[in-house]
Amino acid sequence: MTQDELKALVGQAALQYVTPGDIVGVGTGSTVNKFIDALATMKDQIPGAVSSSVASTARLKALGIPVFEANEVAELSVYIDGADEIDAQGHMIKGGGAALTREKIVAAQSRRFVCIADESKMVKALGAFPLPVEVIPMASARLIRQFSALGGKAHLRLKDGAPLVTDNGQHILDVTGLQITDPLAFESEVNQWPGVVTVGVFAHQKASVCLLGTSSGVKTLTF
Ligand code: 5RP
């Protein structure tokens with residue numbers, strides 16, 4: 001099976017975690033796009049979704065799925081999103097699509113995080129994928145030096161030759177060369193550096209379940 005087919009497989013499998021009558025939390029990315037397409041088949045059974053990005057909101061609305069603001073909903077039963085890396089404890093690196101801050105917000109208001117990923121995302125230790133960090137632009141040069149002191153090399157993410165601007169009007173640093181041996185401690189530490197909006201380690205908001213697309217079908221991992 002191709003990677004695209006594996007993404008479609010887990011996107012479809014995630015429907016079993018959507019409770020009829022409940023608003024669903026929706027992540028961002030190519031795997032989630034498959035989930036959104038599948039969700040459209042049961043749109044009459046749910047009031048709608050809380051979305052983690054402008055891109056997912058547009059896709060949801062185009063398929064006729066109402067989108068609620070996060071502030072309009074106290075708690076969600078489930079949040080469904082992809083990952084750039086996931087380890088055997090359910091810790092993840094996310095933010096390849098630059099939506100990490102809103103993803104973490106919606107994950108935090110959800111009782112369960114269902115991660116949908118193809119098997120290439122499963123890793124022994126986090127850190128091979130460049131770690132996305134959303135930052136306030138005026139802090140980026142100092143944060144690049146701060147990551148350097150940790151042994152990491154941070155680059156400002158560009159789009160069409162200019163710094164990429166997130167849905168929140170901020171920039172993204174992608175950091176390579178880090179050894180993230182204690183994801184919980186790492187997330188807590190980096191998140192309190194002045195100028196960091198959100199670090200793309202999801203350890204405090206880790207997955208509860210991972211639906212992993214493999215050549216022999218969907219494997220369900222629980223954490
Ligand atoms: C977006 C994300 C995505 O979940 C992550 O990048 C995985 O994307 P894809 O499903 O396209 O591989 O964190 O900010």
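The basis for the numbers below is simple: all heavy atoms, side chains too, and nothing from hydrogens, waters or symmetry mates. One-based numbering, in listed order, for ligands and for the atoms of each.
Of the possible polar contacts, none joining the K219 side chain to the T214 backbone as a donor-acceptor pair under 3.5 Å is found.
Ligand-side atoms of ligand 1 in range of A98: 14 (O), range being under 4.0 angstrom from any heavy atom. Interface atoms of ligand 1 facing D84, defined by a heavy-atom separation under 4.0 Å, are 5 (C), 6 (O), 7 (C), 13 (O). For ligand 1, the atoms closer than 4.0 angstrom to any heavy atom of K7 are 12 (O). Of all atoms in ligand 1, numbered sequentially from 1 with element shown, those under 4.0 Å from a heavy atom of K94 are 2 (C), 3 (C), 4 (O), 13 (O). For ligand 1, the atoms sitting less than 4.0 Å from at least one non-hydrogen atom of A99 are 14 (O), numbered in the order shown with element in parentheses. With ligand atoms numbered from 1 in the order given, ligand 1 contributes 1 (C), 2 (C), 3 (C), 4 (O) to contacts under 4.0 Å with heavy atoms of T28. Below 4.0 Å from some heavy atom of G96 lie the following atoms of ligand 1, by number and element: 6 (O), 13 (O), 14 (O). Those atoms of ligand 1 with a heavy atom of G29 less than 4.0 angstrom away are 11 (O).
Atom 10 (O) of ligand 1 has as its closest protein heavy atom T31 OG1, 2.6 Å.
E134 has no carboxylate O lying under 4.0 Å from a charged side-chain N of R157, or vice versa, which leaves the two without a salt bridge. Ion pairing of D81 with K94 is present here, as a side-chain N (NZ or NE/NH1/NH2) and a carboxylate O approach within less than 4.0 Å.
Within the set E85, E103, K34, the minimum heavy-atom distance to atom 2 (C) of ligand 1 is found for E103.
By the 4.0 Å heavy-atom criterion, G95 is counted among the residues contacting ligand 1.
Considering both main-chain and side-chain atoms, G97 comes within under 3.5 Å of ligand 1 through a nitrogen or oxygen pair.
Side-chain atoms of K7 and S30 form a donor-acceptor pair, as typed in the model, at a separation below 3.5 Å. Under the 3.5 Å distance criterion, with hydrogens and angles disregarded, no donor-acceptor pair is assigned to the side chains of T176 and H155. In the model, S120 has a side-chain atom that pairs as donor or acceptor with a side-chain atom of D118 under 3.5 Å.
At least one side-chain heavy atom of K104 sits under 4.5 Å from a side-chain heavy atom of V199.
Residue contacts with ligand 1 for A83 involve N, CA, C or O but no side-chain atom from C-beta outward (heavy atoms, distance under 4.0 Å).
By the side-chain contact (heavy atoms from CB on, under 4.5 Å) test, A128 pairs with E85, sequence neighbours left out.
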